[in-house]
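Working notes for the structure below.
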Amino acid sequence: MDYNYLAQLLFPDITTTPEDMEQRFPPRQLPEGAKVTRFAPSPTGFLHLGNLYGAFTDERLAHTSGGVFFLRIEDTDAKRAVPGGVELIIKTLASFGLEFDEGAVIDGDKGAYGPYRQSERAEIYHTYAKKLVSEGKAYPCFCTEEELEAIRAKQEAEKLNLGYYGEFAIWRDAPIEKIEEKLKAGEQFVLRFRSEGSIENHFKFNDQIKGDINVTENDIDHVILKSDGIPTYHFAHAVDDHLMRTTHVVRDESWLSTLPFHIQLFKALGFKLPKYCHTAQVMKLDNGNKRKISKRKDPEFAATFYREQGYPAAVTREYLITLLNSNFEEWRLANQTAPIEDFKFTTKKMSVSGSLFDMDKLGDISKNVISRMSADEVYDGVLEWAQQYDTDFAAKLADNPDMAKAVFAIGRGGKKPRKDIARWGEVKAYMSFFYDDYFTVDSVELNFDKADIKAALSGFLATYSPTDDSAVWFDKVKAVADGVGFASDMKAYKANPSAFKGSVADISGFIRLAVTGRQNSPDLYTVMQILGEERVRARINNMINSL
RNA sequence: GGCCCGUUGGUCAAGCGGCUAAGACACCGCCCUUUCACGGCGGUAACGGGAGUUCGAUUCUCCCACGGGUCACCA
């Protein structure tokens, strides 16, 4: 067989050579040890937690090594493309603080190794396809869907391994005449890789995350160019990651099964194999079983979902990194305010088995992250979220930023900050009583004499002054307690509760209920300072009158 | 079914031949405290099973079980 003739027959218009490509995309000039990674999604416009998990790995690997992190769009399957998908991907990642050094941008490319959309790289792929054909390493296959289906049925019936291999690879060694005949008839073909592998052969492969793994050689003649001339993932991966000079391929472990084929491809093309980092998958519990999260079935794993729920982007990032590197939590505990960039990220600390997403843990991390923010940052975060998801609340926040910030400042900034907020969506409930429109009084059964409650509230109003400091303020509350026969000293009260009608804690409770409408609240003195004398008096009077 | 990966408490996980088997989340209790939150202290709870190697296995080997993944002209 004259393979050069066949190559010319199949790709008459291709005049470029692999050498041209090598010149066009020369090795990168980077410092020793710099890693080049890529995030390579298909443009469905939808990213889930698993995508982010990989993207963070890519980004950290590149940016902790002085390397390059780029975006490549894998749009070889038109069916999966969604209008605006690329833009959505870029914006979503940006919202999590992931910025690309090069690659596809919204209306084009940035960088010297493009195009970065696979749909624009046909000539490049065909150049290498032609080369493979000319070397006898790839061949056209004219099988119809029906024929392939028949092969499959036979294999299933005889319990053989499925696939286009061995005796089933009917076009593998077809005579040139037969090929020309089909070509003349205008029949479509796919290009298949001629595998020289055997499933009898096994070898070890070192994965950066999984360590040494055992693999079996591939014996299937996989499709590398589809009938429309567009490459399959496998072929595009080899060509692109070689020419774009990717040093580390990060992808989830479901790709492990096709790794042998990829190794073959790189070898056949004369490419140096990149390092592979096969990540464990993020799982969810479904009917008591773990399973890989899916784009279609699990909207709650959409990358955008957490923002909608009101988790700051930094939280998702923080959570994912705790999953990604097992020593991150410890580091974070010791470096509470350090930027995440200071953490030494490594594939050595990555889990080899899939982990379940833990909403409780996310909530805890979120409380910690938010508790470390300044009042201004909290205000900005809540406002931005509310503007989209709770416009009424947003208007109130915007109407009086000073008050909102004063509320957020309660118990904030010290060594042990309050941790009330896990999601922006919880803020309204947390502080609603500061707004007259939202203020309501919980119906609470107070097991005290109404006359005493009234007397206590009136007594408090009689001496209350907003200019008192907190110590004076509380002394007055104690005085009220004494005045109505409640204990002002908690120790005395606890020693002998029956000697009193109640304690100063109960008096505070009455005032708290009147002022905030609830039994629990942040520091009451500060709350009253923020509310102002007028509203404090009005609310307490309201309660007196309602009793 | 073939091939591949995995298996330490409810969850995330340290561990890399000898430990009372870390820590975090969740849960429970106590303390602090005018409520809540924070914080402090303590508690419940784990090496899937069986052989083997070894003086000694959570750590090494093999088998089994279970879980997961993958077998497209999708990525």
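Throughout, a chain's letter reflects where its sequence line sits, starting with A, and its residues are numbered from 1. Everything numeric here is computed off the predicted structure, so don't read it as measured data.
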Anything under 30° is parallel, anything over 60° is perpendicular, the rest tilted; go ahead and classify A:His262 against A:Trp255.
tilted
Taking atom types as they are modelled, is there a donor-acceptor pair under 3.5 Å from the base of [N] to the side chain of [X]?
X	N	value
A:Arg512	B:rC36	no
A:Ser508	B:rU34	yes
A:Thr322	B:rC12	no

Side-chain N,O (A:Lys349) to OP1/OP2 (B:rA14) below 4.0 Å:
no
According to a strict under-4.0 Å criterion, is A:Arg332 in side-chain N/O contact with OP1 or OP2 of B:rA24?
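Answer no for this pair, as no side-chain N or O of A:Arg332 is under 4.0 Å from OP1 or OP2.
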Please classify the nucleic acid contact of [X] as base, sugar-phosphate, or nothing, using heavy-atom distances under 4.0 Å.
X	answer
A:Lys348	nothing
A:Gln281	sugar-phosphate
A:Thr76	sugar-phosphate

Let's test this: given Watson-Crick or G-U wobble pairing with both distances under 3.5 Å, identify the partner of B:rC41.
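In the structure as shown, B:rC41 has B:rG29 as its Watson-Crick or wobble partner.
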Kindly state whether the ring of A:Phe193 and the ring of A:His222 have centres lying under 6.0 angstrom apart.
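No, the ring centres sit 6.0 Å or more apart.
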A:Ser351, nearest nucleotide to its side chain (from B:rA75, B:rA13, B:rU35)
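Nucleotide nearest to A:Ser351's side chain: B:rA13.
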